[in-house]
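What follows is a set of notes on a single structure, which appears directly below.
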Amino acid sequence: MTTLETIRVGLGARSYDVVVGSAGLARAGELIAPLLKRARVAIVTDETVAGLHLKTLGAALDGAGIAHEAIVLPPGEQTKSFVHLEKVCRTLLAARLERGDLVIALGGGVIGDLVGLAAGLVRRGMGFVQIPTTLLAQVDSSVGGKTAINAPEGKNLIGLFHQPRLVIADIDVLATLPERELKAGYAEVVKYGLIGDAGFFDWLDGAGARLLRGDTAALTRAVATSVRAKAGVVERDETETGERALLNLGHTFGHALEAATGFSNRLLHGEGVAIGMKLAFDLSAALGACDGQVPGRVATHFARIGLPWRLADIPGARPPTDELLHHMAQDKKVEAGRLTFILAHGIGDAFIAKDVDAEAVRRVLDTAE
Ligand code: NAD
Ligand code: GLY
């Protein structure tokens, strides 16, 4: 039996383990059993993941004598909606799940965000377990307790902080993930190197291509390193009053690009983040915060990996600068109308910059490739 690496997220009474490695799904029963008051759980997943991985999870729970029933939702960002939140909450109530029972989120960030919110609301707060099945969810959304659905007014605007009781990041489930989704998740892996770990970025520069071909050892190291980095940030700043904002490197530009492309298949979240991180380094260089060569290093890495990094890489018409600036003005980090960006002094040395001059942002967008 392969060994699973355990990373503790230390948050006092809300502390939990993230287990990373091969065959974690098949061991979910034994990992979850010690957390249960009675041998009964609900699983929430999407249709795609259900077809690929629900049977393995069911067998693992059967093996541990845990009764289970599944709620299967449509895949896609539209599922993070009031309609599906209501469906999950009411199904949990109809199934007579109690406050002490656990709900399992089996899927990507969409399922994890929705289920975390539902669990936080039902009976004023049930526990939940994250079993993330995308690279993005394993390295980012499943850890840290941010939960949300989208509102017509914007993405992730209805949510709460609700930490999971356990996260099981099984590297093997990534084998069924489409290549484009794997690459999009990889952008969030690179983010940890760019924010605070130049050595990790250097390692990814060499190992990234191997990792994206599905090399288990490289994926395990990348997920574990990313989770350790995120756990540290969350322990120091759980509710994002300061340092946690660093995890948004590239996201102000990225969200504006996602909004300008209608949150469509034209640009996945991680692809927007990759282009956004390159733009954040362009802005850092333009403001004199980092050496002018650094954005080129970031671009070279993304180009070698096959991730988009230019505005020109977005299929269709180039998003107009005015529209992007308009979307940035809606960003959650806007305070008293002033833009906050995550900038960097170099690779592995990000910082929070408040009160960034909108004209400098405009020039960067106008002149970006
Ligand atoms: P997703 O959940 O939509 O998954 C992407 C696609 O991959 C879906 O079609 C899904 O069915 C499919 N899929 C999932 N696992 C698979 C597997 N193993 N094999 C084959 N197909 C699989 O998207 P995502 O990229 O995982 O997550 C994006 C969401 O995460 C966004 O809503 C974003 O806002 C949120 N997010 C949240 C946080 C947070 O801290 N809570 C952080 C980052 C992103
Ligand atoms: N994904 C950013 C955060 O968890 O804070």
Side-chain angles (χ1 to χ4, degrees), residues 9 25 44-54 56-57 72-81 84 105-117 120 130-150 154-164 167 169-189 191-192 195 214 219 226-227 229-234 236-252 254-255 258-259 263 265 267-273 332-333 342:
V9 184
L25 192 58
V44 185
T45 187
D46 74 30
E47 287 155 10
T48 308
V49 177
L52 295 164
H53 301 295
L54 185 56
T56 309
L57 176 59
V72 182
L73 303 174
E77 187 69 28
Q78 290 73 16
T79 296
K80 272 175 60 170
S81 63
H84 289 100
L106 174 71
V110 163
I111 291 295
D113 279 13
L114 171 71
V115 174
L117 178 56
Q130 291 268 20
I131 306 189
T133 61
T134 63
L135 183 57
L136 180 140
Q138 294 194 352
V139 300
D140 192 356
S141 61
S142 65
V143 179
K146 280 189 182 175
T147 76
I149 56 167
N150 304 321
K155 200 168 140 65
N156 290 333
L157 292 183
I158 310 290
L160 37 79
F161 286 96
H162 185 47
Q163 300 292 344
V167 182
D170 181 348
I171 299 303
D172 298 346
V173 301
L174 301 177
T176 58
L177 199 60
E179 187 187 353
R180 188 176 172 202
E181 293 286 354
L182 190 68
K183 279 191 181 160
Y186 176 81
E188 301 280 7
V189 174
K191 181 182 80 177
Y192 294 105
I195 290 171
L219 274 166
S226 302
V227 169
K230 181 149 189 185
V233 173
V234 169
R236 293 187 292 273
D237 179 21
E238 184 182 6
T239 55
E240 199 169 314
T241 55
E243 181 189 351
R244 187 162 177 173
L246 292 175
L247 299 177
N248 292 322
L249 176 69
H251 284 58
T252 303
H255 281 155
E258 281 183 278
F263 294 99
N265 213 29
L267 190 71
L268 300 181
H269 174 75
E271 295 169 342
V273 169
K332 287 205 260 341
K333 293 187 295 303
I342 310 308

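We count ligands from 1, going down the list as the structure has it; atoms in each ligand are counted the same way.
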Original post:
Where is the nearest protein heavy atom to atom 16 (C) of ligand 1: which residue, which atom, and how far?
Top reply: Leu177 CD1, 3.5 Å
Subject >> Approximate separation, where rounding is to 0.5 Å, of Leu25 CG and Leu106 CG >> reply: 6.5 Å
Subject >> Per-residue contact class, Leu174 against ligand 1 - non-hydrogen pairs under 4.0 Å >> reply: neither
Original post:
What residue and heavy atom of the protein are closest to atom 44 (C) of ligand 1, and at what distance?
Top reply: Leu136 CD2, 3.6 Å
Subject >> Residue from Gln163, Arg244, Lys146 passing side-chain hydrogen bond (donor to acceptor under 3.5 Å, both in side chains) with Glu238 >> reply: Gln163
Original post:
With a cut-off of 4.0 Å, which atoms of ligand 2 are near a heavy atom of Leu247?
Top reply: 2 (C), 3 (C), 5 (O)
Original post:
For ligand 1, does Pro75 get within less than 4.0 Å through its side chain, its backbone, both, or neither, judged by non-hydrogen atoms?
Top reply: side chain
Original post:
Strictly by modelled atom types, are Asp237 and Thr241 linked by a side-chain donor-acceptor pair under 3.5 Å?
Top reply: yes
Original post:
Tell me, which protein residue and heavy-atom name are nearest atom 4 (O) of ligand 2, and how many Å apart are they?
Top reply: Lys230 NZ, 2.5 Å
Subject >> Closest approach of Tyr192 to Leu247 (non-hydrogen atoms, all atoms of both residues) >> reply: CE2-CD2, 3.8 Å
Original post:
Do Lys80 and Asn156 meet the criterion of a side-chain donor-acceptor pair at a distance under 3.5 Å?
Top reply: yes
Subject >> Thr133 and ligand 1 - part of the residue with a heavy-atom distance under 4.0 Å >> reply: both
**OP:** Check if Lys230 has a non-hydrogen atom at a distance under 4.0 Å from any atom of ligand 1.
**Re:** yes
**OP:** Provide the number and element of each atom of ligand 1 under 4.0 Å from a heavy atom of Asp140.
**Re:** 42 (C), 43 (C)
Original post:
Any idea which part of Asp113 is under 4.0 Å from ligand 1, heavy-atom wise: side chain, backbone, both or neither?
Top reply: side chain
Original post:
Which pair of heavy atoms, one from Gly185 and one from Leu135, lies closest together, and at what distance?
Top reply: C-CD2, 3.8 Å
Subject >> Which segment of Thr147 sits under 4.0 Å of ligand 1 when only heavy atoms are counted >> reply: neither
**OP:** For residues Asn248 and Ile342, report the shortest heavy-atom separation together with the two atoms involved.
**Re:** C-CG1, 3.9 Å
**OP:** Look up atom 22 (C) of ligand 1 and tell me if a protein heavy atom lies less than 4.0 Å from it?
**Re:** yes
Original post:
What are the atoms of ligand 2, with element, lying closer than 4.0 Å to any heavy atom of Asp140?
Top reply: 1 (N), 2 (C), 4 (O)
Original post:
Where is the tightest heavy-atom contact between Lys230 and Val139, given as atom of each residue plus distance?
Top reply: CD-O, 4.2 Å
Subject >> Closest protein heavy atom to atom 1 (P) of ligand 1, given as residue, atom name and distance to 0.1 Å >> reply: Val110 CG2, 3.9 Å
Original post:
Is it true that a side-chain atom of His162 and a backbone atom of Leu160 form a donor plus acceptor pair closer than 3.5 Å?
Top reply: no
Subject >> Nearest-neighbour protein heavy atom for atom 4 (O) of ligand 1, which is reported as residue plus atom name and distance >> reply: Thr134 CG2, 3.6 Å
Subject >> Closest heavy-atom pair and its distance - Gly109, Ala137 >> reply: N-CB, 3.7 Å
Subject >> Atom indices of ligand 1 within 4.0 angstrom of Leu52 heavy atoms, with elements >> reply: 19 (N), 20 (C)
Subject >> Candidate with minimal heavy-atom separation from atom 36 (N) of ligand 1, of Ala184, Gly159, Ser141 >> reply: Ser141
Subject >> Minimal non-hydrogen separation, Ile158 against Leu117, with atom names >> reply: O-CD2, 3.5 Å
Original post:
To the nearest 0.5 Å, how far apart are CG in Asp46 and CG in Leu52?
Top reply: 9.0 Å
Original post:
So, does Thr45 use its side chain to make a donor-acceptor pair with the main chain of Val72 at under 3.5 Å?
Top reply: no
**OP:** Measure the distance from atom 30 (O) of ligand 1 to every protein heavy atom, then report the residue, atom name and distance (to 0.1 Å) of the closest one.
**Re:** Gly109 CA, 3.3 Å
**OP:** Considering the heavy atoms of Lys80, write down every atom of ligand 1 situated less than 4.0 Å from one of them.
**Re:** 31 (C), 32 (O), 33 (C), 34 (O), 35 (C)
**OP:** Would you please determine whether His53 falls within less than 4.0 Å of ligand 1 on a heavy-atom basis?
**Re:** yes
**OP:** For Glu77, counting its heavy atoms only, list the atoms of ligand 1 lying under 4.0 Å from any of them.
**Re:** 31 (C), 32 (O)
Subject >> Structural part of Thr176 in contact with ligand 1, heavy atom criterion under 4.0 angstrom >> reply: both
**OP:** Identify, by atom number and element, the atoms of ligand 1 in contact range of Asp46, meaning under 4.0 Å from any of its heavy atoms.
**Re:** 10 (C), 11 (O)
Original post:
For ligand 1, which part of Glu181 has a heavy atom less than 4.0 Å away: the side chain, the backbone, both, or neither?
Top reply: side chain
Original post:
Are Thr176 and His53 linked by a side-chain donor-acceptor pair shorter than 3.5 Å?
Top reply: yes
**OP:** Would you check if there is a donor-acceptor pair between the side chains of Ser81 and His84 at a distance under 3.5 Å?
**Re:** yes
Original post:
Just which atoms of ligand 1 are under 4.0 Å from any heavy atom in Val49?
Top reply: 13 (N), 14 (C), 15 (N), 16 (C)
**OP:** For the pair Glu258 (side chain) and Leu267 (backbone), establish whether a donor and an acceptor sit closer than 3.5 Å, ignoring hydrogens and angles.
**Re:** no
Original post:
With a 4.0 Å cut-off on heavy atoms, is Lys155 touching ligand 1?
Top reply: yes
Original post:
Under 3.5 Å, is there a donor-acceptor pair between the His269 and Glu188 side chains?
Top reply: yes
Subject >> Under 4.0 Å to a heavy atom of Arg244 - the qualifying atoms of ligand 2, by number >> reply: 3 (C), 4 (O), 5 (O)
Original post:
Heavy atom under 4.0 Å from ligand 1: found in Glu47's side chain, backbone, both, or neither?
Top reply: neither
Original post:
Does any N/O atom on Val143 come nearer than 3.5 Å to any N/O atom on ligand 1?
Top reply: no
